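Taking it in order: structure first as structure tokens, then the write-up.
Values reported hereafter were calculated over all heavy atoms of this structure, with side chains retained and with hydrogens, waters and symmetry mates removed. The model shown is predicted, which means the values in this text are computed figures rather than measured ones. Note on naming: letters A, B, ... go to the chains in the order of the sequence lines (proteins, then strands), and numbering restarts at 1 for each one.
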There are 2 protein chains.
Amino acid sequence: VALERIEGDAGRMSHPHVFPPLSETRVAVVGLGLMGGSLAAALSVRRACAEVIGVARRQAVLNEARGRGWICAGGTDTADGVREAQLVILATPPRVILEQIATMGPMLAPGAVLMDLGSTKQLITEAMQALPEHVHPVGGHPMCGKEQAGLSAATPDLFVGRPFVLTPLDRTPIGALQLVHELVEAVGARPLIMDPIVHDRRVAWTSHAPHLAAIALVQAVVAEGERDPGVLELIAGGFRDTTRLAASDVTMMLDMFLTNREPLLHAAQQFQAELLDLCSLLEKNDESALRRRLVEVSRRRREVS
Amino acid sequence: VALERIEGDAGRMSHPHVFPPLSETRVAVVGLGLMGGSLAAALSVRRACAEVIGVARRQAVLNEARGRGWICAGGTDTADGVREAQLVILATPPRVILEQIATMGPMLAPGAVLMDLGSTKQLITEAMQALPEHVHPVGGHPMCGKEQAGLSAATPDLFVGRPFVLTPLDRTPIGALQLVHELVEAVGARPLIMDPIVHDRRVAWTSHAPHLAAIALVQAVVAEGERDPGVLELIAGGFRDTTRLAASDVTMMLDMFLTNREPLLHAAQQFQAELLDLCSLLEKNDESALRRRLVEVSRRRREVS
């Protein structure tokens with residue numbers, strides 16, 4: 001969806017507040033893990049905004065981020081860190097984001113834009129509805145996870161070429177959406193504007209169900225490894241790739257699953273139905289049907305690579 | 001299993017034929033796709049054997065292999081290609097290997113060692129039992145697939161650090177096993193000596209079930225993409241990794257599945273049971289059980305990476 005279409009949306013509220021361009025914006029990033037650290041890094045390395053302030057629970061993390069030149073100031077107190085920012089980005093796990101949204105309103109300056117980077121969007125944008133009027137919320141989800149977590153895994157190039165979903169609320173002013181849209185482009189990502197419910201249904205298929213499949217596969221092989229330890233010697237690249245997602249940060253996965261249960265259960269059911277169908281072809285030794293299936297799947301998979 | 005243990009095996013037949021060391025061996029590779037091409041490349045680049053002869057169906061493939069210096073001679077006629085080789089390696093898909101074993105005996109020189117690179121071993125080693133006495137068969141399976149097929153994807157480094165299973169038959173002389181063991185080490189792989197039935201059961205878990213899961217996942221997302229094309233925009237690295245195996249060569253996958261049906265169906269069943277179990281925890285919103293599960297799986301997955 002092009003930003004022009006959004007601008008043409010007659011239902012969207014116009015707002016007297018003038019948002020500065022990103023280059024003049026003071027950005028506060030709350031949470032300096034893989035996502036927050038990488039965003040701070042990308043903004044700083046690319047000199048995309050006026051200033052990056054970091055908020056983290058541990059001083060050591062702040063020191064490391066400052067040492068790398070990824071934040072110019074920072075602290076462990078959220079209220080202090082976000083007070084003077086024109087754009088505040090919540091880069092904590094989804095359920096921490098929900099808690100922070102509930103308490104953060106009064107800490108924010110008038111006209112501040114509040115974006116999050118959580119992997120589900122419906123519950124988070126619902127919680128954003130309750131923010132005080134002087135704050136302008138918008139949901140965000142950069143799709144660029146990797147299995148390492150924390151600032152040590154962060155990199156300024158994390159977002160390059162990756163989809164970065166933005167889920168504006170009805171109350172989000174055009175200027176606020178423009179600001180975060182500019183940020184997404186500034187860090188090299190591909191902005192996609194989307195309804196939060198649609199987003200959650202889609203990531204259930206493309207991200208959460210693959211996580212679940214990877215976890216189940218590791219569990220099955222670990223259980224077999226207890227009956228026959230030799231099975232672990234035959235783990236090679238194919239198994240590693242297929243199960244890479246199972247090594248993701250546990251709290252992130254748990255929050256992702258628990259804040260997107262219905263869509264994920266639906267996608268998982270369809271996945272199981274496909275699996276059962278394949279097994280039944282195999283059981284019947286139906287070579288021609290199996291070959292047609294594999295030819296089609298292999299072709300479709302190559303299209304997305 | 002160390003080779004010493006095999007040498008100490010009193011039941012194993014000693015054989016009057018003296019096998020040359022690999023450096024003095026003329027090797028014929030039948031099939032110059034990803035595996036055969038890479039093996040020819042590794043042997044030639046590392047100057048591990050006396051000569052590499054290639055056999056392929058298409059002259060263009062032979063020309064390319066010769067152009068790269070990966071074979072020193074070759075042809076499209078199998079009988080011609082293997083006639084003077086002391087070690088013949090079948091690098092075709094598993095069911096082609098079965099056909100070739102059935103007809104190849106009379107083409108081979110007395111004392112020739114015949115190895116295959118097929119991804120399943122029980123049916124292939126059973127077929128090898130029927131070879132004439134002057135031929136010395138041994139099963140092989142290098143575990144280093146990738147989704148590209150053909151000589152253009154081949155590389156001399158394909159085997160480096162990867163498991164390479166050897167499944168000797170009761171009739172395999174020690175000297176023949178030593179020769180292929182030397183070859184495995186010469187191309188940089190890790191030799192693992194294993195019973196064919198045990199091998200097939202293990203790869204059902206670590207390779208074939210992951211292929212099946214990847215295929216089912218692609219099918220599910222493709223079907224959803226027909227209902228909602230936007231889902232495909234949200235395909236990112238996680239989905240790509242989890243489903244990489246679904247882009248593998250179709251004939252290779254089909255042969256792998258159809259020559260290992262029982263073990264694969266068993267592994268797939270266990271995988272589905274784990275998946276259902278995870279879904280039921282999610283349905284019950286059982287956060288603490290789900291967290292314990294994810295902590296354990298994430299830890300185990302990191303151990304094998």
#### Entry: Partner chain B: residue of A:D249, A:V198, A:V218, A:L264 with the largest heavy-atom pair count (under 4.5 Å)
A:V218

#### Entry: A:E283, part contacting chain B, at a heavy-atom distance under 4.5 Å
both

### Option that, when pairs with chain B are counted at under 4.5 Å, heavy atom only, ranks first among A:G238, A:P163, A:A236, A:A267
A:G238

### Query
At a heavy-atom separation under 4.5 Å, does A:V295 approach chain B through its side chain, its backbone, both, or neither?
both

### Message
Given heavy-atom pairs under 4.5 angstrom as the criterion, report whether the side chain, backbone, both or neither of A:L275 touches chain B.
### Response
both

### Message
Does any backbone or side-chain atom of A:R299 lie under 4.5 Å from a heavy atom of chain B? Answer side chain, backbone, both or neither.
### Response
neither

#### Entry: Partner chain B: residue of A:V203, A:L232, A:L258 with the largest heavy-atom pair count (under 4.5 Å)
A:L258

### Summary
Counting heavy-atom pairs under 4.5 angstrom with chain A, the leader among B:A209, B:G230, B:A214 is B:G230

### Message
Quick check: closest heavy atoms across A:A246 and A:M253, and the distance to 0.1 Å?
### Response
O-CE, 3.8 Å

### Query
Can you say whether A:D277 sits under 4.5 Å from chain B via the side chain, the backbone, both, or neither, judging by heavy atoms?
neither

### Query
Is it the side chain or the backbone of A:L278 that comes within 4.5 Å of chain B heavy atoms, both, or neither?
side chain

### Task
With a 4.5 angstrom heavy-atom cut-off, could you sort out which part of B:E262 is near chain A: side chain, backbone, both or neither?
neither

### Message
I need the residue from B:D228, B:V221, B:L212, B:L290 with the largest number of non-hydrogen atom pairs under 4.5 Å to chain A.
### Response
B:D228

### Task
Give, as side chain, backbone, both or neither, the part of A:R162 having an atom under 4.5 angstrom from any heavy atom of chain B.
side chain

### Message
Under 4.5 Å from any heavy atom of chain A, what part of B:I235 do you find: side chain, backbone, both or neither?
### Response
both

### Message
At a 4.5 Å cut-off on heavy atoms, which part of B:R292 comes close to chain A: side chain, backbone, both, or neither?
### Response
neither

### Task
Heavy atoms only, distances under 4.5 angstrom: which of B:Q270, B:R190, B:R261 has the most pairs with chain A? Name it, please.
B:R261

### Contacting region of A:S207 [heavy-atom separation from chain B under 4.5 Å]
neither

